[in-house]
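In what follows, a single structure is set out as structure tokens and then discussed.
The sequence lines fix the lettering, A, B, ..., with proteins before strands; numbering per chain opens at 1. Note that the structure is predicted; figures quoted are calculated from it, not measured.
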There are 2 protein chains.
Amino acid sequence: MHSFTEENYLKTIYYLAARQEGEVTTNSLAEMTATKAASVSDMLRKLAEKQLIHYKKYQGVRLTAEGERLALKVIRRHRIWEVFLAEKLGFGWDEVHEMAEELEHIRSEELVEKLDAFLGYPQFDPHGDPIPSPAGQMPAVEYSKLSEVGVGTEVQVMGVLEHSPEFLQHLDKTGLNLGCRVRVQDINTFDKSVSVQINQEKTLFVSNEVARNLLVN
Amino acid sequence: MHSFTEENYLKTIYYLAARQEGEVTTNSLAEMTATKAASVSDMLRKLAEKQLIHYKKYQGVRLTAEGERLALKVIRRHRIWEVFLAEKLGFGWDEVHEMAEELEHIRSEELVEKLDAFLGYPQFDPHGDPIPSPAGQMPAVEYSKLSEVGVGTEVQVMGVLEHSPEFLQHLDKTGLNLGCRVRVQDINTFDKSVSVQINQEKTLFVSNEVARNLLVN
DNA sequence: ATAAAAATTTAGGGCAGTCTAAAAATTTTT
DNA sequence: AAAAATTTTTAGACTGCCCTAAATTTTTAT
């Protein structure tokens, strides 16, 4: 068995590797896990001993096959619990992450599988992120950012790149929910903000900052 | 906030105090928490400093009002999660305890209250144990043990005193489920075993060991 | 190409919770 | 009521994970 802390490091390495090119650095891990670089170094040595990461001193870090399997297991649990919290208990998509951070470490394999069945085998969590398979495969999804869509096209909001409660609450307030249809009417050449029509109704101005963090297809 | 370990000690002190007369001893706590007496002594000092227990060296231990409130909160969470696991996910009453031991430490107050509502505000967990109120009150229940019921009376199985998977699986096998009606036909004077009729159908022989651990009304 | 800056690791230590061994207090036995 | 047995506490140490400060390596700038 692995500790909560080890699971969190593996998960964080996975996320950072998916987001950046190349190896994951000690400093970026320290920032993400809200610890100091010295503590990260300690843990990396330990994870390398357990063969969960490839690690050469000063060279950054990469998950081994086994490490990635474990990371995806944790991410699967996290996202399934998020679906439960949102769909069954009525929590908002801005509230579920923090609780899922704890629930993802509950150890029973059978629990998460029964929960998955109870929820009807959901494909995506409340933020539109895909749920890894029980075997530990991350489904491929190819969405664009709203900031990259051309004028005139109509797309559907499929996910978010930024998961902070503040951002999600902002989307709630403006009505940019998952699944809503968005037609790009105009792109401001100066600040790259976008003017969009939502669900064939009202028009909305979306900053580039927001548009960059909205995934659409 | 309190650590998992502290919560577990408080819960265990509550259970031992409810079961025994007088103060709870260091040794009984060591046995229940699967640690050594020396470790218990350490923790008792710490809990006493935090005013969660009354503690005089060598004299055993008792929960303060605040300590009991916390213990009942943990027990409430445990039992609500057990209901979820049994009712919604289909786990057997012999399987739910272990998972609930982890789930009971999830910190969100709102989570357990929403879960409670989702489950329809259950009064009892899958073993018939009452669920403490959100305010931290343990409902009073007055059941008898099957071993104390007179010949001829018909009673209903309301709970168990022994919670081990082995005992619960034995009950499953013999059909002595929660809620089933039991008429005492005969009590063997030698070994105090009981012959009972279940649900007006088949007759069953129940050892005193089992009868002592069955709560009925 | 070398000096300065930045990133990373090592050294040494802290805290929570556990342990064993030994000391102290309480309870039981005679 | 003293001796023996039992229970409990203290002392000292270990592990996991974190820290600060110092040393080392890599990267960047000149």
[N] OP1/OP2 closer than 4.0 Å to side-chain N/O of [X]:
| X | N | value |
| --- | --- | --- |
| A:Ser3 | D:dG16 | no |
| A:Tyr55 | C:dT9 | yes |
| A:Lys36 | D:dC18 | no |

(request) Would you give a per-nucleotide map of nucleotides 23-28 of chain D, 5' to 3', where B means the base has a protein non-hydrogen atom under 4.0 Å away, S means only the sugar-phosphate does, and - means neither? (result) -BSS--

Any base atoms under 4.0 Å from [X], or only sugar-phosphate, or nothing? Heavy atoms, all strands.
| X | result |
| --- | --- |
| A:Thr35 | sugar-phosphate |
| B:Ser41 | base |
| A:Phe4 | nothing |
| A:Thr5 | sugar-phosphate |

(message) Looking at B:Phe118, I'd like to know if the NZ or CZ of B:Lys88 sits under 6.0 Å from its six-membered ring centre while staying within 45 degrees of the ring's axis.
(response) yes

(request) Choose from C:dT8, D:dA21, C:dC19 the nucleotide whose nearest atom is closest to any side-chain atom of A:Ala38. (result) D:dA21

(request) When you get a sec, tell me which of C:dT8, D:dC18, C:dA11 is the closest nucleotide to the side chain of A:Tyr9? (result) D:dC18

(message) Among A:Glu7, A:Glu109, A:Glu66, which residue satisfies the salt bridge (charged side-chain N to carboxylate O under 4.0 Å, His left out) criterion with A:Lys73?
(response) A:Glu109

(request) Only one of A:Arg77, A:Lys11, A:Arg76 passes salt bridge (charged side-chain N to carboxylate O under 4.0 Å, His left out) with A:Glu104; say which it is. (result) A:Lys11

Using atom [atom1] of [X] as one end and atom [atom2] of [N] as the other, report the distance to the nearest whole Å.
| X | N | atom1 | atom2 | value |
| --- | --- | --- | --- | --- |
| A:Arg45 | D:dG16 | CZ | P | 10 Å |
| A:Glu6 | D:dG16 | CD | C1' | 9 Å |
| A:Leu47 | D:dG16 | CG | P | 12 Å |
| B:Lys50 | C:dA16 | NZ | C1' | 10 Å |
| B:Met43 | C:dT18 | CE | P | 6 Å |
| A:Leu44 | C:dT10 | CG | C1' | 14 Å |
| B:His2 | C:dA16 | NE2 | P | 13 Å |
| B:Glu49 | C:dA16 | CD | P | 10 Å |

(message) Classify the ring geometry of B:His97 against B:His78: parallel below 30°, tilted from 30° to 60°, perpendicular beyond 60°.
(response) tilted

(request) Taking the six-membered ring for Trp and the single ring otherwise, decide whether the centroids of B:Phe84 and A:Phe84 are under 6.0 Å apart. (result) yes

(message) Within the 4.5 Å heavy-atom criterion, are B:Ser195 and B:Asn188 side-chain neighbours or not?
(response) no

(message) Evaluate B:Glu209 against B:Ser207 for side-chain hydrogen bond (donor to acceptor under 3.5 Å, both in side chains), listing each step before the verdict.
(response) CA-CA 5 Å; B:Glu209 169 82 13; B:Ser207 73; over 6 Å; no

(request) Can you run through DNA chain C from 5' to 3' and write each base as (, ), [, ], | or . depending on how it pairs? Watson-Crick or G-U wobble, both distances under 3.5 Å. (result) ||||||||||||||||||||||||||||||

(request) Using distance alone, with no hydrogens and no angle criterion, decide if B:Asn8 and B:His105 have a side-chain donor and acceptor under 3.5 Å apart. (result) yes

(message) Would B:Glu6 and B:Lys50 count as a salt bridge (Lys or Arg N to Asp or Glu O under 4.0 Å) here? Give the steps.
(response) CA-CA 11 Å; B:Glu6 286 172 338; B:Lys50 294 195 178 185; 2.7 Å; yes

(request) Could you walk me through whether A:Thr25 and A:Asn27 pass side-chain hydrogen bond (donor to acceptor under 3.5 Å, both in side chains), step by step? (result) CA-CA 5 Å; A:Thr25 67; A:Asn27 262 1; over 6 Å; no

